[in-house]
Amino acid sequence: MNYWLFKSEPGCFSFDDLRQRPGQTEQWDGVRNFQARNFLRDQVQVGDGVLFYHSNIPDPHIAGTAWVVRAGYPDWTACDPTSEHFDPKSSAANPIWYMVDVRYGEPFKRPVSLAELKSHRLLEGMVLLKRSRLSIQPVTPEEWSIILGLGGL
DNA sequence: GCCAACGTTGGC
DNA sequence: GCCAACGTTGGC
């Protein structure tokens, strides 16, 4: 079992959007970065834990948790010309991009802000603080438990 | 809105 | 395979 941090702009898809559909499966599509794709395709497994991070807003933060309910499979939106994530280089026979399915987990009692993550000595190794642009990134079990604690879970 | 970081593209 | 140009991300 592994842990991950998934980023989303809340104006696009927020933790509250996921919260509206408890117990239901959500497709995490639209990832168009090769390193993030490799994680989705090769390493993210059913049962893995996800920290849901809200990016590109005035106070970026982790809002809560989700769970992976389906491992990597081809992201069909890449083959849909009407999708904003359409990629003409991808095809059903040779998919380039992958997605996973997630399910709503638990909301944090207090959102954990980027500033709080930065100021915590035991979190200074987080990928988020070193490779801030990577939209799918691994989280260690230690980081996971510290952050859940900060979130009041 | 600015801009630094950094990923991607394409000429050579 | 190098690297300059360019585009995107995302914090501030």
Side-chain angles (χ1 to χ4, degrees), chain A residues 2-20 26-44 48-68 71-102 104-140 142-153:
Chain A
N2 292 309
Y3 299 103
W4 306 94
L5 182 147
F6 286 11
K7 289 197 287 192
S8 184
E9 298 190 23
C12 179
F13 185 76
S14 72
F15 189 68
D16 270 345
D17 293 332
L18 188 63
R19 193 176 192 169
Q20 306 301 316
E26 275 311 307
Q27 296 180 328
W28 201 274
D29 61 7
V31 172
R32 297 292 179 269
N33 166 282
F34 286 104
Q35 196 174 357
R37 185 282 309 268
N38 292 346
F39 285 130
L40 292 177
R41 187 189 58 187
D42 305 332
Q43 290 188 240
V44 178
D48 286 358
V50 173
L51 298 172
F52 197 120
Y53 180 82
H54 283 160
S55 68
N56 217 1
I57 50 173
D59 189 17
H61 60 272
I62 299 168
T65 64
W67 298 101
V68 176
Y73 60 104
D75 181 346
W76 54 267
T77 65
C79 299
D80 174 4
T82 68
S83 168
E84 61 179 324
H85 299 122
F86 174 62
D87 182 352
K89 294 197 285 294
S90 193
S91 68
N94 276 330
I96 297 174
W97 306 111
Y98 283 72
M99 59 182 172
V100 300
D101 290 352
V102 301
Y104 178 70
E106 269 192 285
F108 281 180
K109 299 197 168 55
R110 303 179 298 114
V112 178
S113 69
L114 177 61
E116 197 174 355
L117 297 171
K118 280 180 173 173
S119 68
H120 194 111
R121 191 174 52 82
L122 295 176
L123 297 177
E124 61 191 16
M126 279 190 78
V127 176
L128 184 69
L129 306 182
K130 301 184 155 174
R131 300 279 324 283
S132 65
R133 290 180 49 189
L134 189 58
S135 60
I136 303 287
Q137 48 181 263
V139 169
T140 69
E142 294 75 21
E143 290 161 353
W144 172 269
S145 73
I146 290 168
I147 291 166
L148 261 59
L150 294 173
L153 297 186

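Quick note: numbers below take in every heavy atom, side chains included, and nothing from hydrogens, waters or symmetry partners. First the proteins, then the strands, lettered A, B, ... as listed; each starts at 1.
A close approach under 4.0 Å does not occur between any side-chain nitrogen or oxygen of R32(A) and OP1 or OP2 of dT8(C). For Y53(A) and dT9(C), the shortest distance from a side-chain N or O to OP1 or OP2 is not below 4.0 Å. For dG10(C), the OP1/OP2 oxygens have a side-chain nitrogen or oxygen of K7(A) closer than 4.0 Å. A sub-4.0 Å separation between OP1 or OP2 of dC12(C) and a side-chain N or O of K118(A) is present. Close to dT9(B), at under 4.0 Å from its OP1 or OP2, lies a side-chain N or O of K89(A).
Toward the 5' end of DNA chain B, the nearer of the two residues N56(A) and Q35(A), judged by each one's closest nucleotide, is N56(A).
If you measure from atom CZ of R133(A) to atom C1' of dG10(C), you get 8 Å, rounded to the nearest angstrom. One interatomic measurement links the two molecules: CD of E9(A) to P of dT8(C), which rounds to 13 Å at whole-angstrom precision. Whole-Å rounding puts the F34(A) CZ to dT8(B) P distance at 6 Å. Rounded to whole Å, the distance from CG on L117(A) to P on dG10(C) is 15 Å. Rounded to whole angstrom, the span from the CD1 atom of I62(A) across to the P atom of dG11(C) amounts to 11 Å. Across the protein-nucleic acid pair, I136(A) atom CD1 and dT9(C) atom P stand 13 Å apart, rounded to whole Å. As a whole-Å value, the separation of Q137(A) CD from dA5(B) P is 18 Å. Taking atom CZ of residue F39(A) and atom C1' of nucleotide dG7(B), one finds them 15 Å apart after rounding to whole Å.
Proximity of L117(A) to I62(A): side-chain heavy atoms (C-beta onward) are separated by under 4.5 Å at one or more points. Side-chain contact between H54(A) and P60(A) is absent, with no heavy-atom pair separated by less than 4.5 Å.
Note on D75(A) versus R37(A): no salt bridge recorded, every NZ/NE/NH1/NH2 to OD/OE distance being 4.0 Å or above.
W76(A) has its ring centre no less than 6.0 Å from the ring centre of Y98(A).
Out of dG11(C), dT8(B), dG10(C), the shortest distance to the side chain of L114(A) is found at dG11(C).
R19(A) contributes atom CZ, which lies 4.0 Å from atom OH of Y104(A) (distance to the nearest 0.5 angstrom).
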